[in-house]
Amino acid sequence: MILNKWSDWKKSSIIDNNITNDTAFPVTSINENRSNSINENTSNYIKNPIIPTWLYVISQNTMTPSESTMIVTLQGIVNSKSSSQIYTLNSSQPDYQIWLEDLKNRYGIVYQIILDPWRLLDIFKSYVEGYVLYDNKSLKDPSINNACSLASLSNCIAIDEVIQETVHTFGITNIKGDARGTDKNWAYDNLWNCGLNHSIVIQLSPAKSSALRDYAILTKSLIFYEDEIDDTTLRDKIFSTMEKDSICLGWGPDEFINVSTTSKYGISMVAADWSYNLTVLSSFPSLPMDQKILKNIPNEKNVHYVTFIMSDGDNQQWNLGTNYGSHKWYGSPDKGKFNLGWSLSPSLYYLAPTVFNLYYESAANGSSNDYFIVPPSGNGYMYPSKFDENTLGIYINRLNDYMKKVDQKYVAIIDDSSFKNTELWRKFNVKPNIRGLYYLDYHKHDEYQGEIIWSNNKPIVSCRDLLWDNIESEDQLATNINERINSGQFDINNPNSYTFVYVHAWSKSLSNIQRVVDKINENPKVRVVTPGAFMELIKKNIRH
């Protein structure tokens with residue numbers, strides 16, 4: 001079901017209906033919270049147990065970086081203790097206004113705009129036991145990360161030395177720690193085994209003053225960053241001592257090295273280093289949801305089938321910050337004019353379920369459909385062939401459970417030259433809720449040119465074309481498809497009669513896809529279908 005009413009959420013909430021505006025709800029310990037999460041959601045995400053009834057809303061754009069860090073660390077403390085909570089907006093992430101209005105209109109949550117960050121500190125200063133000091137003179141100085149890591153353990157806010165005296169005027173004078181002059185290893189060396197949780201860590205550049213820091217305070221998560229691309233010494237220490245199948249939120253200096261490193265230790269990566277308000281959004285229950293029923297699934301024999309899948313659904317911050325409302329992507333006026341595949345990071349289902357629900361609810365459904373698959377490479381971004389073998393089974397079991405909850409049947413995979421490894425894909429395809437895989441090679445997504453292989457009687461379909469700036473243009477893609485038809489590739493039983501196109505979100509929009517669709521639809525032997533219909537046609541008609 002797609003949840004349309006606040007009552008649908010409230011019935012399953014762990015919050016007592018009689019809790020008043022500022023009543024503190026006892027927060028379970030990290031281990032209890034995580035245990036409940038695994039048992040109920042088979043997830044290792046930690047959720048805020050208090051659903052807000054009132055939000056104080058402040059813009060990041062009105063604050064200095066120092067004030068912003070103060071407010072989001074305050075947000076992490078307050079939102080874990082009160083149903084009156086803090087929510088931030090940012091002009092560079094306009095979709096957070098959409099989620100705010102959705103909370104107001106659908107769930108009856110009242111909000112008030114606050115212009116002065118110091119007023120917020122005055123309102124909530126009783127929640128704060130002190131502060132941890134840092135020095136952010138350099139945007140590479142790790143002291144901000146170390147201060148936030150320590151603050152999460154001591155019910156404190158993180159304070160830049162430049163605003164220390166102003167903080168004192170509000171009666172907050174108890175300094176619980178001084179992270180100035182500490183190095184990138186300090187928090188791990190001194191705090192890792194002193195109460196920080198070992199199931200979620202946050203990889204975040206010190207240059208980012210506010211993103212993810214509220215969630216780090218709530219979850220008692222280590223925040224760290226390693227600037228050097230090839231030096232993974234700190235990451236190796238952290239990831240090797242985490243629990244099996246854990247999560248790293250944020251991003252590192254190099255995609256391939258970073259994800260290869262997390263994979264080696266059985267950790268998956270979620271691009272989230274521009275994510276905000278997870279302490280608010282995660283508080284809502286993660287309930288089962290159904291996709292809209294597909295209509296008009298073709299089964300014509302003498303045509304060439306094409307499916308388009310938009311890239312970067314694994315990017316949590318894109319789906320939270322700019323994708324939904326953008327005229328380039330999900331908010332495009334061209335959405336619903338052709339069948340299109342999307343993906344949403346599973347982290348959204350657990351950390352922002354109201355957002356996830358809104359994507360499902362607004363999916364096109366008619367003569368053309370939006371269809372959701374799981375983004376690379378499942379619960380989080382990882383390379384299956386490099387993933388710790390002793391952890392892969394846990395990862396896939398959680399993935400299988402998640403796919404049932406959200407009514408998704410297919411998974412996109414990014415890996416390193418492993419397409420032919422059918423035994424690896426069997427570990428995925430043996431699960432009942434995983435009906436097939438879409439394969440993309442990391443170094444060249446279309447390396448295997450649309451080849452289809454089989455594992456456990458289910459297809460693994462490789463990318464055939466890339467709609468990607470400076471790689472394959474709209475004209476070239478249309479020409480490629482037409483040439484395939486001209487060479488006789490329009491037999492429903494021929495694996496060459498199917499083209500999977502991956503669309504690069506950062507260089508192409510829905511209007512670019514529309515131009516391709518217009519061109520190929522001039523050929524009467526082309527049919528553009530959803531990724532779901534595409535896979536069903538292959539399974540039904542291709543000999544294997």
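Position 1 is the first residue of the sequence, and the numbers go up from there.
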Pair Ser221-Asn197, side-chain donor/acceptor within less than 3.5 Å: yes
Side-chain contact test, heavy atoms from C-beta onward, threshold under 4.5 Å: evaluate it for Ile46 versus Ile200 and give yes or no. yes
Short question: side chain of Asn319, backbone of Gly313 - any donor-acceptor pair under 3.5 Å? yes
If we count only N and O atoms by modelled type, under 3.5 Å, do the side chains of Asp245 and Thr391 hold a donor and an acceptor together? no
Taking atom types as modelled, is there a side-chain donor on Ser462 or Glu451 under 3.5 Å from an acceptor on the other? no
Classify the side-chain pair Asn44/Glu243 by whether it contains a donor and acceptor separated by less than 3.5 Å. no
To the nearest 0.5 Å, how far apart are CG in Asn365 and CG in Leu294? 7.5 Å
Heavy atoms only: give me the nearest Glu472-Asn480 pair and the separation to one decimal. OE2-ND2, 2.7 Å
Considering all heavy atoms, the nearest Pro459-Ile538 contact: CB-CG2, 4.1 Å
With a 4.5 Å cut-off on side-chain heavy atoms, are Val306 and Val501 touching? yes
Is there a side-chain contact between Val57 and Gln112, using heavy atoms and a 4.5 Å cut-off? no
For Asn541 and Asn493, the nearest pair of non-hydrogen atoms, with its separation, is O-ND2, 2.9 Å
Going by atom types alone, do Tyr96 and Glu101 pair a side-chain donor with an acceptor below 3.5 Å? no
Just by distance, with hydrogens left out, do Thr354 and Asn357 show a side-chain donor and acceptor under 3.5 Å apart? no
side-chain hydrogen bond (donor to acceptor under 3.5 Å, both in side chains) pairs, two or more places apart, involving residues 527-540: Glu300-Arg527, Tyr410-Glu536, Tyr410-Lys539, Glu536-Lys539
Geometric cation-pi criterion Lys335 and Tyr330, 6.0 Å radius, 45° cone: yes
Looking at Phe387, Tyr381, Tyr383, which hits ring-ring contact (aromatic ring centres under 6.0 Å, His included) with Tyr395? Phe387
Examine the side chains of Asp370 and Trp342 and answer whether a donor and an acceptor come within less than 3.5 Å of each other. yes
Between Lys47 and Ser286: side-chain donor-acceptor atoms closer than 3.5 Å: yes
Can you measure from CD (Gln408) to CD1 (Ile434) and round to the nearest 0.5 angstrom? 11.5 Å
Any side-chain donor near an acceptor of the partner, Gln75 and Asn277, under 3.5 Å: yes
For atom CD of Glu389, is the number of surrounding heavy atoms from other residues, nucleotides or ligands below 6.0 Å larger than 12? no
To the nearest 0.5 Å, how far apart are CG in Leu440 and OH in Tyr438? 11.0 Å
Strictly under 6.0 Å, is that where the ring centroids of Phe500 and Phe534 end up? no
Side chains of His504 and Asp469: is there a donor and an acceptor less than 3.5 Å apart? no
We want to know whether His198 and Ser246 form a side-chain donor-acceptor pair, criterion being a heavy-atom distance below 3.5 angstrom. no
Scanning both residues in full, the closest heavy-atom pair of Met403 with Lys409 reads CE-C, 3.4 Å
Determine, using ring centers only, whether Trp318 and Trp329 are less than 6.0 Å apart. yes
Test side chain to side chain donor-acceptor pair (under 3.5 Å) applied to Gln316 and Ser275, step by step: CA-CA 7 Å; Gln316 174 187 282; Ser275 296; 2.8 Å; yes
Under 3.5 Å, is there a donor-acceptor pair between the Tyr439 and Asp441 side chains? yes
Mind checking whether Leu278 and Tyr45 have side chains closer than 4.5 Å, heavy atoms only? no
Report yes or no: does Trp425 contribute a side-chain atom to a donor-acceptor pair with the main-chain N or O of Ser418 at less than 3.5 Å? yes
Is it the case that the ring center of Tyr502 lies less than 6.0 angstrom away from the ring center of His445? yes
Flag for Ser497-Gln489: side-chain donor and acceptor within less than 3.5 Å: no
Are Phe419 and Leu437 packed together at the side-chain level, in the sense that at least one heavy-atom pair is separated by less than 4.5 angstrom? no
Aromatic plane relationship, Tyr107 with Phe284 - under 30° parallel, 30 to 60° tilted, over 60° perpendicular: tilted
Show the nearest heavy-atom pair for residues Pro531 and Leu340, with the distance to one decimal. CD-C, 4.2 Å
Is the closest side-chain heavy-atom distance between Lys525 and Arg484 below 4.5 Å? no
Can you confirm whether the side chains of Asn433 and Asn400 place a donor and an acceptor under 3.5 Å from each other? yes
Calculate, to the nearest 0.5 Å, the distance between atoms OG and CG belonging to Ser332 and Leu510 respectively. 4.5 Å
Nearest heavy atoms of Tyr87 and Leu89, plus distance in Å: CE2-CD2, 3.7 Å
When you check the gap from the basic side-chain N to the acidic O, do Lys328 and Asp334 get nearer than 4.0 Å? no
If you look only at pairs with a residue in residues 500-519, which of them pass as a salt bridge (charged side-chain N to carboxylate O under 4.0 Å, His left out), with sequence neighbours excluded? Glu474-Lys508, Glu474-Arg515, Asp475-Lys519
If you count every heavy atom of other residues, nucleotides or ligands that lies below 6.0 Å from His327 atom NE2, does the total exceed 12? no
Does a donor on one side chain and an acceptor on the other come within less than 3.5 Å for Asp214 and Thr279? yes
Surrounding CH2 of Trp274 (heavy atoms of other residues, nucleotides or ligands, distance under 6.0 Å), is the total greater than 12? no
Residues that Trp251 engages under ring-ring contact (aromatic ring centres under 6.0 Å, His included), provided they are two or more places apart: none
Looking at side-chain heavy atoms only, is the closest gap between Val503 and Ser311 below 4.5 Å? no
Let's go through Tyr324 and Ser362 carefully: what are the C-alpha distance in whole Å and the side-chain angles of both, what is the deciding distance for side chain to side chain donor-acceptor pair (under 3.5 Å) to 0.1 Å, and is it a yes or a no? CA-CA 10 Å; Tyr324 186 89; Ser362 56; 3.0 Å; yes
Nearest-0.5 Å distance that lies between atom OH in Tyr350 and atom OG in Ser43: 5.0 Å
Run the salt-bridge test on Asp416 and Lys386 with the 4.0 Å N-O cut-off and return the result as yes or no. yes
Could you go through Ser282 and Asn48, starting from their C-alpha distance and side-chain angles, then the distance that decides it, and tell me whether this counts as side chain to side chain donor-acceptor pair (under 3.5 Å)? CA-CA 6 Å; Ser282 69; Asn48 185 1; 5.4 Å; no
Could you go through Asp290 and Lys292, starting from their C-alpha distance and side-chain angles, then the distance that decides it, and tell me whether this counts as salt bridge (charged side-chain N to carboxylate O under 4.0 Å, His left out)? CA-CA 6 Å; Asp290 291 331; Lys292 291 180 178 178; over 6 Å; no
Between Arg398 and Asp401, does at least one N-O distance fall below 4.0 Å, as a salt bridge requires? no
In the structure I gave you, are the side-chain heavy atoms of Leu55 and Ile109 within less than 4.5 Å of one another anywhere? yes
When rounded to the nearest 0.5 Å, the distance separating CD1 of Ile309 from CD1 of Ile373 is 3.5 Å
Is the backbone N or O of Gly325 less than 3.5 Å from a side-chain atom of Asp95, with the two atoms forming a donor-acceptor pair by type? yes
